[in-house]
**Q** 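One structure coming up, written as structure tokens, with questions to follow.
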2 protein chains.
Amino acid sequence: MAVMWQCQVVTSTSTAGAVRQGSLRELNLAVVLRRIAAADRPPSRAGIAAGTGLTRATVSAVVDDLIAGRLVAEAEPEPRTGAGRPARGLVLASDGPAGLGLEVNVDYLTACVVDLTGTVRHHLVRRADLRPVSPADALARLAALAAEARAAAVRDGLTLAGAALAVPGLVDDGGVVRLAPNLGWRDVDVPALLAGHQLAEPVDGVPPLVVDNEANLAALGELYAGPAGPRSFLHVTGEIGIGAGIVLDGALYRGARGWSGEIGHFPVQPQGRPCRCGGQGCLERYAGQEAILAAAGLPGAELPADTAATRLADLAEAGDPATLTALTDAGTALGVAVAGVVNLLDLDTVVLGGGYARLAPWLRPTVEAEVARRVLTAAWAPVTVRPAVLGAQSAAVGGAGSVVRRIVDRPVGWLTRTT
Amino acid sequence: MAVMWQCQVVTSTSTAGAVRQGSLRELNLAVVLRRIAAADRPPSRAGIAAGTGLTRATVSAVVDDLIAGRLVAEAEPEPRTGAGRPARGLVLASDGPAGLGLEVNVDYLTACVVDLTGTVRHHLVRRADLRPVSPADALARLAALAAEARAAAVRDGLTLAGAALAVPGLVDDGGVVRLAPNLGWRDVDVPALLAGHQLAEPVDGVPPLVVDNEANLAALGELYAGPAGPRSFLHVTGEIGIGAGIVLDGALYRGARGWSGEIGHFPVQPQGRPCRCGGQGCLERYAGQEAILAAAGLPGAELPADTAATRLADLAEAGDPATLTALTDAGTALGVAVAGVVNLLDLDTVVLGGGYARLAPWLRPTVEAEVARRVLTAAWAPVTVRPAVLGAQSAAVGGAGSVVRRIVDRPVGWLTRTT
DNA sequence: GCGATTTGTTCAGCGGTTGAATTAAATGGC
DNA sequence: GCCATTTAATTCAACCGCTGAACAAATCGC
């Protein structure tokens with residue numbers, strides 16, 4: 001007689017999900033705040049009570065806490081309808097906590113500030129080729145840009161609640177960049193290099209900066225900003241390498257060690273062109289920026305992604321045949337890979353991000369054709385292929401968004417802060 | 001200024017996660033019960049209190065409820081250690097609720113009973129070629145087998161809490177089998193065909209039978225039965241077709257419409273052999289049972305999977321060169337596909353199930369070699385490839401396990417039942 | 001046998017939700 | 001213009017379930 005789950009391990013985060021008395025309020029704060037964040041019109045306390053099943057009394061008490069904590073504000077222009085006492089609309093506060101989103105990439109540094117409502121309040125970009133710059137230097141410049149953004153946020157009355165840094169590479173739990181090939185970084189300990197800077201000072205024991213892969217943060221940005229609905233999608237970022245962020249059931253899937261999304265080496269031609277990874281016929285060799293540029297007869301394999309994408313888009317718009325062919329071929333390869341992923345994960349949406357966002361008009365038809373041809377269930381349920389809403393610099397915005405989103409999902413952390 | 005998550009939709013399951021007063025007890029029942037289920041030694045009330053952060057008083061009250069509901073029992077042979085009052089060990093009850101697992105496949109019907117502890121208490125198999133049999137007939141035979149299993153369970157003092165039926169095909173939400181090619185089923189409405197049978201009578205408004213893809217249920221079985229640890233893995237089922245169950249962070253991932261796991265048409269040779277799906281060089285054409293048998297020079301493409309696997313294993317053990325080559329080639333193709341999936345999802349374990357379980361000794365080395373070669377992060381973090389613990393008929397056992405597992409995860413549903 | 005030690009139970013206290021009653025603020029009919 | 005009606009939000013006693021401490025139970029070591 002086989003015995004199952006005899007010795008399953010409990011994930012044991014010390015309390016392992018036990019619900020204490022105080023958790024009630026903690027959980028309901030999150031429920032109410034999420035409700036306010038998710039509504040398309042400012043909801044009333046009564047509406048929230050009806051929607052959640054909580055009592056109006058409870059909702060009022062919870063909302064009082066949220067307003068006192070500067071997470072929620074009452075909307076003066078209350079939307080009225082019919083008879084009865086007018087409801088007072090509740091909206092996320094636009095003068096409370098905000099998130100700082102940062103990005104280091106091959107040819108630019110970005111810092112942006114996103115408030116609780118999801119509005120991008122500031123967006124600073126510094127263009128500069130960072131490949132010859134040492135990681136320490138690059139991070140020092142980034143810190144300066146971050147300080148500038150922070151000052152702008154403070155002038156607006158905002159309080160920065162944390163920061164997220166997007167990096168084009170593999171990042172481990174501790175914020176160490178294991179490998180960022182296009183930047184030439186290897187084992188760069190970002191928190192250590194930023195020690196002393198304001199960014200690195202822990203607040204309430206919480207490290208204020210999380211470092212993450214740009215594809216992951218871009219996918220989060222798309223999750224927050226995208227049209228309602230898509231709860232499971234693949235966000236493909238076309239750069240020199242090709243990365244993917246995977247959102248499943250409304251949550252970013254990071255993988256067993258946080259290294260998911262490596263789609264660049266999906267085998268689209270197993271007996272095809274050799275790849276630096278040791279395999280053959282990897283997607284990157286057919287739909288990577290270098291491959292597209294070469295096929296279009298353009299130099300500059302090492303160009304920054306947005307420059308390359310712009311150049312290709314210009315040529316395509318002008319009707320350059322070599323470019324059009326190159327994009328069609330790239331789209332086909334991308335479609336093969338995407339179809340494989342969709343077959344495996346049964347996704348309903350694929351988002352073209354990074355450089356692909358700009359090239360979507362030309363890539364999309366071929367990608368869609370391959371998907372329709374190869375995805376078994378496509379006949380029953382169509383797959384949407386669309387460009388990223390946030391476009392190129394979605395990683396920084398997504399990172400900033402993830403900071404404030406964390407507050408929406410667990411407001412107690414913000415409300416009980418000591419500072 | 002881009003605005004994010006302006007109009008996100010709330011999943012709105014009426015209460016939308018609101019935490020009522022009574023939810024406290026509901027949640028803590030689950031926490032304590034899971035703790036008991038997950039422990040490798042019968043834990044004491046005090047131990048659970050220490051582990052969860054709840055008070056000993058609370059744990060005692062919760063445990064009283066669980067014992068009253070026949071979900072937990074006190075283990076008489078309490079495990080002692082040191083000084084102090086001896087603890088009373090708590091174990092899952094072996095005479096409470098049980099799950100019924102069913103499977104319809106090409107050449108057999110299965111019914112099995114799994115109790116709360118995960119022990120397989122009964123396991124009935126009827127061999128018969130079901131391809132010439134009408135779906136209604138096949139289900140009638142299944143219902144008879146299920147009734148037999150139910151009687152055996154009742155004799156043991158068990159109460160069946162629900163049933164799960166594994167089918168080798170695509171199943172939709174309503175339990176309709178959209179397509180099961182090897183059975184020759186199309187749009188078979190299982191609940192409708194079982195109407196009138198005991199299996200189909202709702203208890204407390206809950207449909208007693210869920211129908212699911214066999215690969216999904218087999219993956220769940222592996223999740224419950226497998227060694228501690230693997231929280232994210234791919235379970236590949238080799239049959240006439242090739243299916244995969246995907247477990248991410250300890251939960252089965254079903255996809256946007258419940259049709260995830262279609263790995264059989266992963267492109268391993270895009271310019272290769274044409275496939276019935278319309279694509280070219282699909283995995284199924286290289287590592288499917290039909291392909292392996294043909295490469296080994298054997299007839300019987302339509303053989304049931306376990307027969308075919310046994311025959312191949314016998315030949316391989318005897319050192320038949322054609323068979324060994326066939327298995328090596330199949331392993332290579334499988335390895336290409338698996339490597340692609342692991343790259344994408346960053347899994348740490350791949351389980352070979354179904355017919356592959358029996359063939360694992362020969363497939364495993366080549367699969368591992370391909371994975372090591374193609375998975376970028378394999379150097380930092382190894383990927384384990386292993387045969388399924390439950391072997392061939394894991395789907396029925398996994399289905400039965402999922403029924404009792406649901407009770408462990410939400411005991412209130414069982415405790416408040418009216419029957 | 002007695003103190004030390006650990007388990008499990010009992011009980012007053014309390015935080016937070018509940019539900020009903022109350023107050024607040026608007027609409028609409030006459 | 002006034003009042004009944006309607007809906008929103010607040011107040012308050014009641015109650016549910018967790019908390020913490022005190023207590024009883026059961027065993028070990030000396």
**Q** I want to confirm an ordering. Mapping Val19(A) and Ala46(A) to their closest nucleotides on DNA chain D, which one lands closer to the 5' end?
**A** Ala46(A)
**Q** Nearest whole angstrom, please: distance from the C1' of dA8(D) to the CG of Leu54(A).
**A** 17 Å
**Q** Quick one: label Ser44(B) by what it contacts on the DNA or RNA (base, sugar-phosphate, nothing), any heavy atom closer than 4.0 Å.
**A** sugar-phosphate
**Q** Find the distance Arg56(A):CZ to dT10(D):P and express it as a whole number of Å.
**A** 11 Å
**Q** Taking only N and O in the side chain of Arg20(B), is any of them less than 4.0 Å away from OP1 or OP2 of dT18(C)?
**A** yes
**Q** Identify which nucleotide among dG19(C), dG15(C), dT7(C) has an atom closest to any side-chain atom of Gln21(B), counting heavy atoms from C-beta outward.
**A** dG15(C)
**Q** Going by an N to O cut-off under 4.0 Å, is there a salt bridge joining Asp212(A) and Arg254(A)?
**A** yes
**Q** Check if the side chain of Arg85(B) and the base of dT6(C) share a donor-acceptor pair of N or O atoms closer than 3.5 Å.
**A** no
**Q** Using OP1 and OP2 only, check whether a side-chain N or O of Thr58(B) sits under 4.0 Å from dT19(D).
**A** yes
**Q** Taking atom C1' of dT19(D) as reference, at what distance in whole Å does atom CG of Leu24(B) sit?
**A** 12 Å
**Q** Take atom CG of Leu29(A) and atom P of dT17(C), then tell me their distance rounded to the nearest Å.
**A** 8 Å
**Q** Can you tell me if Arg25(B) touches the phosphate of dC18(D), counting only side-chain N or O atoms and a distance under 4.0 Å to OP1 or OP2?
**A** yes
**Q** By the definition side chain to side chain contact (heavy atoms under 4.5 Å, CB included), identify the one residue from Leu158(A), Val404(A), Leu100(A), Val403(A) that meets it with Val114(A).
**A** Val404(A)
**Q** When you check the side-chain N and O atoms of Arg121(A) and Ser94(A), is any donor under 3.5 Å from an acceptor?
**A** no
**Q** Can we say Glu26(A) and Arg20(A) salt-bridge, meaning some charged N sits less than 4.0 Å from an Asp/Glu carboxylate O?
**A** no
**Q** Hey, does Arg45(A) reach any base, or is it just sugar-phosphate, or nothing, if we go heavy atoms under 4.0 Å?
**A** sugar-phosphate
**Q** What integer distance in Å separates Glu26(A):CD from dG15(C):P?
**A** 17 Å
**Q** Under 4.0 Å: is that the gap between some side-chain N or O of Thr55(A) and OP1 or OP2 of dT17(C)?
**A** no
**Q** Applying the side chain to side chain contact (heavy atoms under 4.5 Å, CB included) criterion to Val408(A), which one of Ile36(A), Leu71(A), Leu116(A) satisfies it?
**A** Leu116(A)
**Q** Ser60(B) side chain N/O closer than 4.0 Å to the phosphate oxygens (OP1, OP2) of dT9(C)?
**A** yes
**Q** Tell me which nucleotide among dA9(D), dC11(C), dT7(C) gets nearest to the side chain of Ala57(B).
**A** dC11(C)
**Q** Are Asn28(A) and dT17(C) close enough that a side-chain N or O sits under 4.0 Å from OP1 or OP2?
**A** yes
**Q** In whole angstrom, what separates Asp64(A)'s CG from dA8(D)'s C1'?
**A** 14 Å
**Q** Check the distance between dA8(D)'s P and Glu74(A)'s CD and give it to me in whole angstrom.
**A** 14 Å
